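Accompanying notes for the structure given below.
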Amino acid sequence: MAEVVLNNVSKIYPGGVIGCKDINLHIKDKEFCVLVGPSGCGKSTTLRVIAGLEEITSGELKIGDTVVNNIPAKDRDIAMVFQNYALYPHMKVRENLAFGLKLRKYPPAEIEKRIQETAKILEIDHLLDRRPKALSGGQRQRVALGRAIVRKPKVFLFDEPLSNLDAKLRVQMRVEIKKLHARLQITSIYVTHDQVEAMTMGDKIVVMKDGFIQQIDDPIKIYEKPLTKFVAGFIGSPAMNFISVKITSRNGNFEASEVPSGFVYMLKSEDFPFLRDYDGKEVVMGIRPEDIKDTIFANIKDAENTVPAVVEAEEPMGSENYIHLTTQSSAITMKTAGSNRVKMGDRLNLVFDRNKLHFFDRETDRKIE
């Protein structure tokens with residue numbers, strides 16, 4: 001087991017195409033770190049750099065106490081689990097598990113011992129004599145995990161391993177992988193484009209965009225205190241609402257006026273002192289769907305601030321209902337109790353939780369605080 005440290009690591013392809021750029025990342029021993037972002041953000045490139053499947057253009061990569069920039073992938077003592085399972089179709093499960101150990105010339109008795117231990121952990125001991133084509137998707141993924149576990153590497157690398165599974169099985173396998181990590185305590189780096197996977201699995205989340213790291217933190221801090229508009233919009237389901245507003249100082253406080261036209265929201269200057277530098281300027285105000293209430297559903301009387309909106313659609317989810325609305329200039333999604341039902345065209349008066357408002361600079365996308 002070992003920590004993984006990237007110091008100013010970059011991968012630049014011919015023609016100046018950025019794979020990943022200036023990556024500074026410290027993954028502690030036994031930590032489960034998730035790299036998350038949209039397609040093309042650089043997360044898989046970063047993982048392949050760590051694996052040794054991509055040559056580093058610049059920077060330093062350490063696994064444990066060893067700088068591995070020039071060490072081949074096979075000698076880095078890492079194990080990788082791929083999206084497509086990467087099992088040998090002509091080999092039985094037992095042979096798939098044994099293959100890497102045979103290449104490393106482990107004694108037959110040790111190979112069999114490890115196969116039995118791994119099969120028991122993953123509950124695939126009854127599948128050892130089957131070939132991959134006779135397995136379900138979930139069983140194949142367990143075998144792929146087993147092939148990594150049986151090696152007892154310093155670091156596990158996961159490249160979107162659950163994306164080929166159906167929704168129910170993905171949830172089950174997320175739990176299984178977390179339980180596996182808790183049991184084995186091996187440093188793990190997991191790549192996904194699914195922010196729900198990132199939030200539920202990671203001790204540490206690394207949000208990436210266009211080859212650069214946007215934010216590194218634990219899941220709750222990233223959710224509650226996003227550093228950029230991109231992070232705020234990417235992490236969370238449904239996504240954070242963004243509303244363009246103009247800030248105007250008025251009688252010692254601030255007005256946030258919807259742009260180009262619409263509601264006016266009053267803000268106390270002592271609660272938002274950082275907005276003084278934006279007097280007369282447009283900013284982006286963010287509010288998460290669960291931090292919005294309706295005056296009728298929540299039985300709120302004499303609300304100081306309300307935002308009138310018209311219902312466009314609803315998504316009943318059982319225990320929750322996602323209500324999609326429009327103001328004069330913005331689209332807003334509200335998350336409310338499943339019993340709160342609406343019809344298209346209904347008019348609601350929304351109340352934002354002022355303690356949960358976020359503000360972002362329009363030019364830099366950085367959070368204002």
Side-chain angles (χ1 to χ4, degrees), residues 1-4 25-37 41 43-44 46-47 50-51 63 77-87 93 97 114 117-125 127 135-208 213 215-224 231 234-237 319:
M1 293 177 284
E3 65 180 9
V4 178
L25 178 60
H26 182 186
I27 301 165
K28 298 175 184 176
D29 184 30
K30 303 178 183 178
E31 193 168 42
F32 197 109
C33 177
V34 179
L35 309 182
V36 65
C41 72
K43 57 188 185 296
S44 290
T46 303
L47 193 77
I50 295 169
I63 298 178
D77 200 8
I78 55 96
M80 196 160 181
V81 181
F82 295 93
Q83 176 179 344
N84 62 356
Y85 316 132
L87 301 177
V93 169
L97 295 178
R114 291 197 183 192
E117 287 175 350
T118 300
K120 187 176 181 180
I121 289 171
L122 291 169
E123 299 179 358
I124 56 171
D125 37 345
L127 304 175
L135 305 178
S136 68
Q139 289 170 335
R140 291 179 193 179
Q141 192 54 270
R142 285 176 184 270
V143 176
L145 287 170
R147 202 165 62 174
I149 293 167
V150 77
R151 294 240 329 265
K152 298 183 179 179
K154 288 182 179 177
V155 181
F156 281 147
L157 304 179
F158 298 89
D159 190 7
E160 304 208 38
L162 307 184
S163 58
N164 285 340
L165 304 179
D166 62 58
K168 183 178 180 180
L169 194 52
R170 274 205 307 273
V171 173
Q172 180 185 333
M173 288 303 298
R174 284 206 303 259
V175 175
E176 292 298 323
I177 291 174
K178 280 296 286 182
K179 286 164 60 178
L180 196 61
H181 179 260
R183 178 171 181 171
L184 301 176
Q185 291 290 288
I186 294 178
T187 308
S188 300
I189 306 170
Y190 188 104
V191 159
T192 181
H193 64 274
D194 186 333
Q195 56 91 19
V196 175
E197 273 186 24
M199 289 290 291
T200 55
M201 298 182 74
D203 302 320
K204 172 187 288 178
I205 296 180
V206 181
V207 185
M208 298 187 68
I213 289 176
Q215 187 170 350
I216 304 173
D217 219 322
D218 69 69
I220 299 304
K221 286 184 180 177
I222 280 193
Y223 187 80
E224 293 182 345
V231 173
F234 189 81
I235 299 295
S237 180
S319 62

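Everything numeric in this text was worked out from a predicted model, so none of it was measured. Computed from heavy atoms alone, side chains included, the values below leave out hydrogens, waters and symmetry copies. One-based numbering along the sequence shown.
Contact between Leu169 and Gly137 at its shortest, heavy atoms only, is CD2-C, 4.4 Å. Nearest heavy-atom pair across Asp159 and Met80 is CB-CE, 4.0 Å. Residues Ala79 and Pro153 approach most closely at CB-CG, 3.6 Å, considering heavy atoms.
When side chains are defined from C-beta on, Arg170 counts as touching Glu197, because their heavy atoms get closer than 4.5 Å. Proximity of Ile205 to Met199: side-chain heavy atoms (C-beta onward) are separated by under 4.5 Å at one or more points. At a threshold of 4.5 Å between non-hydrogen side-chain atoms, the residues Phe158 and Leu145 count as touching. Proximity of Thr46 to Ile213: side-chain heavy atoms (C-beta onward) are nowhere separated by under 4.5 Å. A 4.5 Å side-chain heavy-atom check between Val191 and Glu160 finds at least one atom pair inside the cut-off. Side-chain contact check for Leu35 versus Leu25: some heavy-atom pair is nearer than 4.5 Å. In this structure the side chain of Met173 reaches within 4.5 angstrom of the side chain of Arg142, judged on heavy atoms. Looking at heavy atoms from C-beta onward, Phe156 lies in side-chain contact with Ile149 at the 4.5 angstrom threshold.
Remark: Ile235 CD1 to Gln195 CD distance equals 5.5 Å, nearest 0.5 Å. Here the SG atom belonging to Cys41 is positioned 11.0 Å from the NE2 atom belonging to His193, to the nearest 0.5 angstrom. In this structure, the separation between NZ on Lys152 and CG on Leu184 is 9.5 Å, given to the nearest 0.5 Å. Rounded to the nearest 0.5 Å, atoms CD1 (Ile50) and CD1 (Ile27) are 5.0 Å apart. Taken from CG in Leu122 to CD in Gln141, the straight-line distance is 10.5 Å, to the nearest 0.5 Å. Distance check: Leu165 CG to Arg174 CZ gives 11.0 Å after rounding to the nearest 0.5 Å.
Side-chain atoms of Gln185 never come within 3.5 Å of backbone atoms of Lys30 as a donor-acceptor pair (strictly under, hydrogens ignored). No side-chain donor-acceptor contact under 3.5 Å links Lys154 to the backbone of Ala2. Thr187 contributes no side-chain N or O that, together with a main-chain N or O of Val155, makes up a donor-acceptor pair within less than 3.5 Å. The backbone N or O of Ala86 sits less than 3.5 Å from a side-chain atom of Arg147, completing a donor-acceptor pair. For the pair Lys204 (side chain) and His26 (backbone), a donor-acceptor distance under 3.5 Å is present.
With Val206 as the fixed residue, the side-chain contact (heavy atoms from CB on, under 4.5 Å) test singles out one of Ile222, Val34, Ile216, Ile189: Ile216.
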inquiry  = If you apply the rule side chain to side chain contact (heavy atoms under 4.5 Å, CB included), what do you find for Ile124 with Leu135, and how did you get there?
reply    = CA-CA 11 Å; Ile124 56 171; Leu135 305 178; over 6 Å; no

request  = Assess whether side chain to side chain contact (heavy atoms under 4.5 Å, CB included) is satisfied between Gln83 and Asn164, documenting all intermediate values.
outcome  = CA-CA 7 Å; Gln83 176 179 344; Asn164 285 340; 3.7 Å; yes

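Using bins of under 30°, 30° to 60° and over 60° for the plane-to-plane angle, the ring pair Phe32/His181 lands in the perpendicular bin.
In this structure, Lys178 pairs ionically with Asp203, as a charged nitrogen and a carboxylate oxygen lie closer than 4.0 Å. By the 4.0 Å N-to-carboxylate-O rule, Glu117 lies too far from Arg114 to be salt-bridged with it.
Applying the ring pair (Phe, Tyr, Trp, His ring centres under 6.0 Å) test to Phe234 and every residue at least two apart in sequence or in another chain returns Phe230.
The environment of Gln172 atom CD is dense: over 12 non-hydrogen atoms of other residues, nucleotides or ligands sit within 6.0 angstrom.
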